[in-house]
**Q** 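Below: one structure in structure tokens.
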2 protein chains.
Amino acid sequence: MDDLPKRITLKDVARAADVSLASASYAINGTGSLGEAVRSHILRTAENLGYRRNLSARAVRTGKTGAIGLVVPDFTNPFFTHLAQSVMRAARLAGYCVFVTDTEESESLEREAFKRMIDRGVDGIVWFPIRDVNTVEAQTRMVPTVLIDRSISGLESIQADYARGGELAAEHLIGLGHSRIGVVAGPRDILSQKQRIDGAVAAIKAAGTLAFSVSNAFSMDLEPSVTKAISAGKATAIFAGTDLIALGVIRYAQSLGLRVPDDLSVVGFGDMPWGQMASVPLTTVEMPIDDMAQEAVDALMRRIDQREPSHGKVFATGLIRRGSTAAARMVKIA
Amino acid sequence: MDDLPKRITLKDVARAADVSLASASYAINGTGSLGEAVRSHILRTAENLGYRRNLSARAVRTGKTGAIGLVVPDFTNPFFTHLAQSVMRAARLAGYCVFVTDTEESESLEREAFKRMIDRGVDGIVWFPIRDVNTVEAQTRMVPTVLIDRSISGLESIQADYARGGELAAEHLIGLGHSRIGVVAGPRDILSQKQRIDGAVAAIKAAGTLAFSVSNAFSMDLEPSVTKAISAGKATAIFAGTDLIALGVIRYAQSLGLRVPDDLSVVGFGDMPWGQMASVPLTTVEMPIDDMAQEAVDALMRRIDQREPSHGKVFATGLIRRGSTAAARMVKIA
DNA sequence: ATGAAAGCGCTAACAT
DNA sequence: ATGTTAGCGCTTTCAT
């Protein structure tokens, strides 16, 4: 393999264009004041030489790298990769590059990720924490940080109307004639989970019976308390705190010989990609991920530029009817 | 929001520890030679002060940022996000951070991505090009680059045994009793596609009839030539160049009233995540993505360190039998 | 074993 | 309008 050519510096450009370093800098950055002829001449020489600016060097001077970090808990979950895609796009349009890290649901990786990013001098971090817990307290004081979904005191967070979303899911089930509805939440110490569950439970209780209310990790693999609740057969419909959990519920129900949606209706939350391609296309509650990602990046830019923070915008949720829910059947004539 | 605290520099550490800047640097980096007492004293002071090294500044001096870039064509495809996850993990373990970009199948975004990354001074780039075409010729001369899957002359590429994979798929179908097999390739100007298709076609022709051989973009949406071929009903089984295409074939077949696998068997390629959760769990050809990602990062490190390149390792493919293939049915007694 | 100082590529304040 | 220059935080050569 041939050696890489030596990189052209601004000094090289200045020399080749026969101007001062400052003028070269002005031309490249569109700052200072320069005659039109000189400016375009410098730009042309830079182009010819194949000059590329050295952003590390600029960062040393200005303290701004033009890079941001994105820290999410699980790249295995399409919900997060979709989010990542949206954040990357929004950042790109704002002229930023993004360091992406998957913390693999590990708090120590979360800490490590923040340290690395701060060492690299990112201008800000978009963070989807594992839990509603600031595992990186010291770091979040060092760098502008904006959360998505989770709630941590002192940190701005971009959120959707989770309570209304839960309500929507419950109302959908109730409208379908279900009266015994079970709930499988994600971890309840996470506010966004608690809110959607509370919203659903209130609606369920107002119109029928809450068959059960259990919790599960963010995973398709169901814990014993959950499988027990489902297999008891007290519910004709289930609301899950997350699409991933909903998929787990469907899989488990099918393993029990239950047909979805004929024997059991299931509603998820989040509208993760591929949920509609699943063995049973998932009925779910959507939120505007693209908009939320955009807002997260915008909010971060505001903080970076020390402009006034936004005013707790809350994004609307909506129900997406697909194949995993159906009208409750008549009581069996046993 | 409170202002960010001023960042502690190495100079601050040196002053606080009452040593020279050089000693502080030696201590932090474990370079130079320092008395044990002095070294640990400096380290302790740095820790107490909450010192974090400024990698931009280091990069200006050393020319190495400790960051690499990852450029992939489509973050909407779980295959690529899985790959990204593996690359990110391998990079993290090697002490690198990674700038991720989704080029959204656009050559201009591909070019833009490379420019941005070079401006940021990445030490190397792992690149999954859109096509077997070097859209960034000038850039790949500036920065060590390693490809995955695609073939571009002059660039090292990490690949699997695609030909054997295609053969495996065909043999599976033949073993199931299928004799009229159709093929839906991805774009044929991509070598890795051509190889898997050629592998499959050779096996098919040796044992039966190639019902048709058409191409489609990397998408679930099928083009007219493809839908026409499928709806003609000449094949009892289809090999698709990619899982995404396979899923599109299944969807289209079902829309035609065909049952998969009863009326039509379908094999994909790539073993993308969620393929097994699809309405019909996808039979497919797998390749060891984690290992390939690791090798890509290793190969990149070798190039960065100017060590000898590796010797064209080729990764093995294997067949994963799932629900989208079944034994060919007896000829209808019409 | 430790320190002084040069210099990486760049920006911006300050001349002219 | 253009140039001179200090200095960002760091590494590293060269003295001591």
**Q** Are any of A:N29's side-chain N or O atoms less than 4.0 Å away from OP1 or OP2 of C:dT11?
**A**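 Yes, because at least one side-chain N or O of A:N29 sits under 4.0 Å from OP1 or OP2 of C:dT11.
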**Q** Please state whether the phosphate of D:dT13, meaning OP1 or OP2, lies under 4.0 angstrom from any side-chain nitrogen or oxygen of B:Y26.
**A**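 The answer is no; no side-chain N or O of B:Y26 sits under 4.0 Å from OP1 or OP2.
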**Q** When you check the phosphate oxygens OP1 and OP2 of C:dG3, does a side-chain N or O of B:S20 lie under 4.0 Å from one of them?
**A** yes
**Q** B:R61 has an atom CZ; how far is it from atom C1' of D:dG7, in whole Å?
**A**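 That distance rounds to 15 Å.
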**Q** So does A:S23 get a side-chain nitrogen or oxygen closer than 4.0 Å to the phosphate oxygens (OP1/OP2) of D:dT2?
**A**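 Negative; the distance criterion is not met.
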**Q** Under the side-chain hydrogen bond (donor to acceptor under 3.5 Å, both in side chains) rule, what do B:Q294 and B:D290 come out as? Steps first, then yes or no, please.
**A** CA-CA 6 Å; B:Q294 179 68 58; B:D290 289 346; over 6 Å; no
**Q** How would you label the contact of A:S33 with the nucleic acid (heavy atoms, under 4.0 Å): base, sugar-phosphate, or nothing?
**A**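 A:S33: base contact, heavy atoms under 4.0 Å.
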**Q** Check step by step if side-chain hydrogen bond (donor to acceptor under 3.5 Å, both in side chains) holds for B:Q159 and B:S151.
**A** CA-CA 9 Å; B:Q159 305 187 311; B:S151 305; 3.0 Å; yes
**Q** Expressed as a whole number of angstroms, how long is the span from B:L21:CG to D:dG9:C1'?
**A** 8 Å
**Q** From D:dT11, C:dC8, C:dT11, pick the nucleotide closest to the side chain of A:K11?
**A**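 Nearest to the side chain of A:K11 among the choices is C:dC8.
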**Q** Among A:R302, A:R307, A:R303, which residue meets the salt bridge (Lys or Arg N to Asp or Glu O under 4.0 Å) test with A:D305?
**A**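 The residue from A:R302, A:R307, A:R303 that satisfies salt bridge (Lys or Arg N to Asp or Glu O under 4.0 Å) with A:D305 turns out to be A:R307.
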**Q** Is the B:F75-B:F80 ring centre distance short of 6.0 angstrom?
**A** no
**Q** On DNA chain D, check which nucleotide each of B:T31 and A:D18 is closest to and give me the residue with the more 5' one.
**A** A:D18
**Q** Roughly how many Å is it from CG in A:D12 to C1' in C:dC8, rounded to a whole number?
**A** 13 Å
**Q** For B:T140 versus B:F114, what's the shortest heavy-atom pair and its separation?
**A** CG2-CE2, 4.1 Å
**Q** Among the nucleotides D:dG3, C:dT11, D:dG9, which one has an atom lying closest to any side-chain atom of A:V19?
**A**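 Closest nucleotide among those given: D:dG3.
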**Q** Nearest-nucleotide wise, let me know which of A:A57 and B:E36 is further upstream toward the 5' end of DNA chain C.
**A**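 It is B:E36 whose nearest nucleotide is closer to the 5' end.
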**Q** Please tell me which of A:A22 and B:V60 maps to the more 5' nucleotide of DNA chain C, matching each residue to the nucleotide holding its nearest heavy atom.
**A** B:V60
**Q** Grab the CG-C1' distance between A:N54 and C:dT11 for me, whole Å please.
**A** 13 Å
**Q** Please state how far atom CG in A:L55 lies from atom P in C:dC10, giving the value in whole angstrom units.
**A** 9 Å
**Q** Quickly work out the A:R53 CZ to C:dG9 P distance and round it to whole Å.
**A**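 So the two atoms are 17 Å apart, to the nearest Å.
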**Q** Please determine if a side-chain N or O atom of B:S25 lies less than 4.0 Å away from the OP1 or OP2 oxygen of D:dT11.
**A** yes
**Q** Taking CG from B:L10 and C1' from C:dC8, how many angstroms apart are they, rounded to a whole number?
**A**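 The distance from CG of B:L10 to C1' of C:dC8 comes to 16 Å, rounded to the nearest Å.
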**Q** May I have the distance from B:R15 (atom CZ) to D:dG9 (atom C1'), rounded to whole angstrom?
**A**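 Value for this atom pair: 13 Å.
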